[in-house]
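Inspection log for the structure reproduced underneath, given as structure tokens.
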Number of protein chains: 2
Amino acid sequence: MAAATRSPSHAQDHILAERKRREKLSQRFIALSSIVPGLKKMDKASVLGDAIKYVKHLQEKIKQLEEQTKKRTVESVVLVKRYHLPADDDSNSSSNDDDDSKSNVEKAGCCSDSTLPEIEARASERDVMIRIHCEKQPGVLAKVLTEVESLHLSIVNSSVMPFGNSTLDITIVAQVTN
Amino acid sequence: MAAATRSPSHAQDHILAERKRREKLSQRFIALSSIVPGLKKMDKASVLGDAIKYVKHLQEKIKQLEEQTKKRTVESVVLVKRYHLPADDDSNSSSNDDDDSKSNVEKAGCCSDSTLPEIEARASERDVMIRIHCEKQPGVLAKVLTEVESLHLSIVNSSVMPFGNSTLDITIVAQVTN
DNA sequence: TCGAACACGTGAAAC
DNA sequence: TGTTTCACGTGTTCG
């Protein structure tokens with residue numbers, strides 16, 4: 001009951017240990033206050049409080065930035081996922097098979113990153129613009145135009161440009177039909 | 001020298017105040033530990049340490065995200081800043097004024113955000129593609145083509161599409177000249 | 001003279 | 001069994 005910590009020698013150990021612990025905490029406080037910008041009060045409570053606010057602020061900012069970058073890609077890619085160009089069911093698609101053996105190699109080589117096709121769509125009133133950057137394939141334009149026209153859209157203008165050796169850039173402007 | 005805290009009644013005030021201060025600190029510690037994810041140890045030193053690491057991590061992440069989003073716009077806009085399309089020195093720019101009174105209203109309404117013109121450029125080998133989404137102005141295409149040709153680029157293909165009432169979408173493919 | 005903030009030594013609880 | 005961590009009361013300093 002009376003004396004819990006008996007040996008007087010180990011008592012100083014306790015003091016020393018506690019001293020070390022406090023010093024470690026102080027260092028952490030200093031370190032924390034050094035990375036939190038705009039700190040006015042340097043007392044512990046304020047450091048903790050401002051650090052909490054700061055962390056919440058950073059988390060919010062990250063969430064915004066991530067949503068922002070997400071949207072920029074999703075807006076452009078969502079159509080690709082839904083109508084990923086229907087596979088060749090046409091029997092006459094083989095008409096161009098022997099056309100150019102070299103192009104097959106380049107198809108696999110160039111722009112091999114799976115980011116293609118890139119599809120971008122934007123709308124203004126009744127006008128819709130669709131821009132597609134895809135691999136050069138026979139019949140793509142017809143397929144795309146058919147797809148577009150089947151979506152209550154009437155083609156107003158279209159353009160296909162070869163770019164590089166193996167890619168096409170298709171730009172289409174259409175109007176929503178009533 | 002001997003006794004600093006004299007009055008025994010106010011001594012309890014001191015105790016109470018210190019008690020309150022400690023409680024406030026404890027609350028802050030709990031609050032901080034609650035917003036730092038993946039905390040294993042809940043002791044004060046660890047909370048502070050992990051909070052420091054977490055803050056640094058967030059700061060780094062934000063820096064990356066901001067650079068990432070910066071680049072996506074800078075890549076597209078840098079040309080606009082350097083060669084911001086020369087102002088209209090043409091006197092016949094008013095030729096379309098009486099064309100359609102309704103379109104003026106829509107001009108102000110649609111796409112009024114000052115993000116135009118949008119310029120996107122990409123390169124593949126010697127090919128360069130330039131896409132410009134800008135306001136409809138007489139002579140823009142010629143100006144742009146002249147600008148492009150003055151940059152060691154020879155025009156391979158170009159296309160202009162009206163989109164909406166007041167904007168144009170210009171797509172140009174050019175090749176680097178030796 | 002208050003009030004706030006801090007570091008210290010100490011006893012106890014947790015593992 | 002130690003080692004670690006905590007909360008407490010206290011003395012002291014600063015504005």
Side-chain angles (χ1 to χ4, degrees), chain A residues 1-70, chain B residues 1-70:
Chain A
M1 280 192 192
T5 304
R6 307 192 178 178
S7 73
S9 56
H10 295 35
Q12 294 299 327
D13 255 10
H14 188 30
I15 295 181
L16 197 68
E18 180 67 9
R19 212 184 289 235
K20 193 170 184 178
R21 169 180 169 271
R22 274 196 295 264
E23 191 181 355
K24 181 163 67 178
L25 282 182
S26 289
Q27 285 180 336
R28 300 276 166 93
F29 265 103
I30 296 176
L32 180 60
S33 62
S34 69
I35 62 175
V36 176
L39 264 179
K40 185 63 182 177
K41 297 286 204 178
M42 287 294 285
D43 74 273
K44 295 183 180 180
S46 301
V47 170
L48 282 181
D50 289 347
I52 293 173
K53 288 170 55 181
Y54 182 57
V55 168
K56 289 182 179 176
H57 177 248
L58 292 185
Q59 288 172 336
E60 197 68 24
K61 198 165 186 175
I62 285 187
K63 189 183 296 180
Q64 287 182 359
L65 286 177
E66 282 182 341
E67 283 183 2
Q68 185 179 350
T69 54
K70 276 281 179 61
Chain B
M1 281 190 189
T5 304
R6 307 192 177 177
S7 75
S9 57
H10 295 33
Q12 295 300 324
D13 255 11
H14 187 32
I15 295 181
L16 198 67
E18 180 66 10
R19 211 182 290 229
K20 194 170 183 176
R21 170 179 167 272
R22 275 195 297 263
E23 192 180 355
K24 182 164 65 178
L25 282 180
S26 288
Q27 284 181 334
R28 299 277 166 92
F29 265 105
I30 296 176
L32 180 59
S33 63
S34 70
I35 62 174
V36 175
L39 264 179
K40 185 64 182 177
K41 297 288 207 175
M42 288 293 285
D43 74 273
K44 296 183 178 180
S46 300
V47 170
L48 281 182
D50 290 346
I52 294 172
K53 288 171 52 183
Y54 183 57
V55 168
K56 289 182 179 176
H57 177 248
L58 292 185
Q59 289 172 336
E60 197 67 26
K61 197 165 186 174
I62 286 186
K63 188 183 296 180
Q64 287 181 0
L65 286 177
E66 282 182 341
E67 283 182 3
Q68 186 179 350
T69 54
K70 275 282 178 61

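Remember, it's a predicted structure, so these values are computed and weren't measured experimentally.
Between the B/Ser46 side chain and the B/Met42 main chain, no donor and acceptor come within less than 3.5 Å of each other. A distance-only check finds a donor-acceptor pair linking the side chain of B/Arg28 to the backbone of A/Ala45 [under 3.5 Å].
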#### Entry: side chain to side chain contact (heavy atoms under 4.5 Å, CB included) evaluation trace for A/Leu48 with B/Leu48
CA-CA 9 Å; A/Leu48 282 181; B/Leu48 281 182; 3.9 Å; yes
### Task
Carefully, step by step, assess B/Glu66 and A/Lys61 under the rule salt bridge (charged side-chain N to carboxylate O under 4.0 Å, His left out).
CA-CA 10 Å; B/Glu66 282 182 341; A/Lys61 198 165 186 175; 3.6 Å; yes
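Atom CE in A/Met42 sits roughly 17 Å away from atom C1' in C/dA4 (whole-Å rounding). One atom, CZ of B/Arg22, and another, P of D/dT5, lie 19 Å apart when rounded to the nearest Å. In this structure, CZ of B/Phe29 is placed 8 Å from P of D/dC6, rounded to the nearest angstrom. Nucleotide C/dA4 holds its C1' atom 16 Å from the NE2 atom of B/His10, rounded to whole Å. One can place CG of B/Asp43 at 18 Å from P of D/dT3, the figure rounded to the nearest angstrom. To the nearest angstrom, C1' of D/dT10 lies 15 Å from CG of B/Asp13. Rounded to whole Å, atom C1' of C/dG3 lies 12 Å from atom NZ of B/Lys24. Between the CD atom of B/Glu23 and the P atom of D/dC8 there is a distance of 9 Å, rounded to whole Å.
A sub-4.0 Å separation between OP1 or OP2 of C/dA5 and a side-chain N or O of A/Lys41 is absent. Contact annotation: A/Arg21 side-chain N/O to D/dT4 OP1/OP2 distance is not under 4.0 Å. For D/dG9, one of the phosphate oxygens OP1 or OP2 lies less than 4.0 angstrom from a side-chain nitrogen or oxygen of B/Arg19.
Position along DNA chain D of the nearest nucleotide to B/Ser46 versus B/Glu18 favours B/Ser46 as the more 5'-ward residue. Comparing B/Ile15 and B/Ser26 by the nucleotide of DNA chain D whose heavy atom lies nearest to each, the residue mapping closer to the 5' end is B/Ser26.
Judged by distance alone, with hydrogens and angles left aside, B/His14 brings a side-chain donor or acceptor within reach of the base of D/dG11, the pair sitting under 3.5 Å.
A/Tyr54 and B/Gln59 share a donor-acceptor pair across their side chains, judged by distance under 3.5 Å alone.
For the pair B/Val36 and B/Val47, the minimum side-chain heavy-atom distance is 4.5 Å or more.
Fit an axis to the five pairs at each end of the helix from C/dA4-D/dT13 to C/dC15-D/dG2 and the two axes sit 10° apart, to the nearest 10 degrees.
Salt-bridge check for B/Glu18 with B/Arg22: passed, with a basic side-chain N closer than 4.0 Å to an acidic carboxylate O.
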